Chemist: 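The following block contains the structure, expressed as structure tokens.
Just so you know, these numbers come straight off a predicted model, no measurement behind them.
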Amino acid sequence: QVQLAESGGGVVQAGGSLRLSCTVSGLTFRDYHMGWFRQAPGNEREFVAVATRPGTGPYIYYSESVKGRFTISRDNAKKMVYLQMNNLKPEDTAIYYCASSMVALSGVRQSEYYRHWGQGTQVTVSS
């Protein structure tokens with residue numbers, strides 16, 4: 001059974017930092033791209049960052065809205081993926097999800113190509 005479990009969310013003031021973690025089990029971690037997405041109330045789920053599988057690059061991509069502030073990393077030995085979030089802004093408030101995919105590189109920013117999802121962790125940034 002595939003399981004993805006996020007942790008590390010919370011409430012932080014604008015300008016602060018949080019580090020999200022995602023623990024993965026039940027799949028061959030090295031075969032999957034690992035992405036972070038987020039969804040704010042009333043909005044669609046949006047791409048945040050992805051670290052592609054070791055056999056494809058690996059490459060790292062970010063959305064324009066978080067580039068320079070967020071850093072994604074993966075530990076293939078521990079089957080974990082992280083999202084370090086610095087200089088947080090109120091507009092970063094959302095539920096953050098980690099997800100896994102085997103899609104071609106052209107699709108790694110699109111949520112519909114991710115097969116497995118965690119339950120999400122809430123990040124709230126106060127102004």
Side-chain angles (χ1 to χ4, degrees):
Q1 181 181 0
V2 177
Q3 290 188 324
L4 284 71
E6 304 93 339
S7 61
V11 180
V12 63
Q13 288 189 333
S17 298
L18 284 173
R19 187 192 193 209
L20 304 184
S21 300
C22 176
T23 303
V24 180
S25 62
L27 54 76
T28 305
F29 188 76
R30 296 178 63 89
D31 288 346
Y32 287 81
H33 313 308
M34 295 303 303
W36 286 96
F37 292 79
R38 66 186 182 185
Q39 187 167 19
N43 291 354
E44 294 185 351
R45 191 169 296 186
E46 66 171 347
F47 168 76
V48 175
V50 61
T52 65
R53 59 191 175 200
T56 307
Y59 301 108
I60 289 178
Y61 302 114
Y62 297 98
S63 69
E64 288 300 317
S65 61
V66 307
K67 193 176 293 184
R69 300 187 297 122
F70 289 13
T71 303
I72 187 172
S73 61
R74 60 186 291 164
D75 186 326
N76 295 314
K78 294 182 178 179
K79 295 187 176 181
M80 294 192 69
V81 61
Y82 307 96
L83 186 68
Q84 177 66 44
M85 305 185 294
N86 297 330
N87 190 21
L88 282 159
K89 303 176 180 180
E91 51 264 41
D92 294 319
T93 295
I95 299 174
Y96 283 71
Y97 300 89
C98 69
S100 64
S101 174
M102 299 180 77
V103 71
L105 279 179
S106 59
V108 294
R109 295 176 178 85
Q110 298 169 258
S111 61
E112 60 263 36
Y113 294 128
Y114 283 73
R115 180 176 181 182
H116 306 114
W117 292 83
Q119 80 288 350
T121 186
Q122 177 70 47
V123 171
T124 302
V125 185
S126 61
S127 56

Chemist: Answer yes if V81 and L27 sit in the same cluster of Ile, Leu, Val, Met, Phe, Trp and Tyr residues linked by side chain heavy atoms under 4.5 Å apart, and no otherwise.
Modeler: yes
Chemist: Please report the shortest heavy-atom distance between A40 and A94, naming the atom on each side.
Modeler: N-CB, 3.8 Å
Chemist: Distance to the ring centre below 6.0 angstrom and angle to the axis at most 45 degrees; does that hold for R74 and F29?
Modeler: yes
Chemist: Quick one: pull up CD in Q39 and CD in E44 and give me the separation to the nearest 0.5 Å.
Modeler: 8.5 Å
Chemist: Can you get from V66 to I60 by hopping between Ile, Leu, Val, Met, Phe, Trp and Tyr side chains that sit under 4.5 Å apart?
Modeler: yes
Chemist: Not counting sequence neighbours, list each pair that qualifies as a side-chain hydrogen bond (donor to acceptor under 3.5 Å, both in side chains) and has a residue in residues 88-109.
Modeler: R38-D92, R38-Y96, R69-D92, S100-H116
Chemist: Is there any disulfide (SG to SG under 2.5 Å) pair reaching into residues 25-65, and which pairs are they, with sequence neighbours excluded?
Modeler: none
Chemist: Applying the 4.5 Å side-chain criterion to the ILVMFWY set and letting contacts propagate, would W36 and W117 be lumped into a single cluster?
Modeler: no
Chemist: Any pair with a residue in residues 12-29 that passes side-chain hydrogen bond (donor to acceptor under 3.5 Å, both in side chains), sequence neighbours left out, goes on the list, sorted by first then second residue, please.
Modeler: S17-N86
Chemist: Under the rule for side chain to side chain contact (heavy atoms under 4.5 Å, CB included), what residues qualify as partners of P58, not counting sequence neighbours?
Modeler: T52
Chemist: Show every disulfide (SG to SG under 2.5 Å) that has at least one partner inside residues 3-57, sequence neighbours left out.
Modeler: C22-C98
Chemist: Atom CG in L4, atom OH in Y32: separation rounded to 0.5 Å?
Modeler: 10.0 Å
Chemist: Would V24 and I72 show up in the same hydrophobic cluster when neighbours are defined by side-chain heavy atoms closer than 4.5 Å?
Modeler: yes
Chemist: Which pairs, with at least one residue in residues 39-84 and sequence neighbours excluded, count as a ring-ring contact (aromatic ring centres under 6.0 Å, His included)?
Modeler: F37-F47
Chemist: Quick check: closest heavy atoms across A14 and P90, and the distance to 0.1 Å?
Modeler: CB-CD, 4.1 Å
Chemist: Look at the side chain of E6 and the backbone N and O of Q119, then say whether any donor-acceptor pair between them is shorter than 3.5 Å.
Modeler: yes
Chemist: Is it true that a side-chain atom of H33 and a backbone atom of V50 form a donor plus acceptor pair closer than 3.5 Å?
Modeler: no
Chemist: How long is the span from the CE atom in M34 to the CE atom in M80, to the nearest 0.5 Å?
Modeler: 10.0 Å
Chemist: Say you draw a straight line from CD of Q84 to CG of L18; how long is it, rounded to the nearest 0.5 Å?
Modeler: 8.5 Å
Chemist: Kindly indicate whether the side chain of V123, heavy atoms from C-beta on, has any atom under 4.5 Å from the side chain of L20.
Modeler: yes
Chemist: What closest approach, in Å, do Y114 and G35 show between heavy atoms, and which atom pair accounts for it?
Modeler: CE2-N, 3.9 Å
Chemist: Nearest 0.5 Å, please: how far is CE in M102 from CZ in R53?
Modeler: 5.5 Å
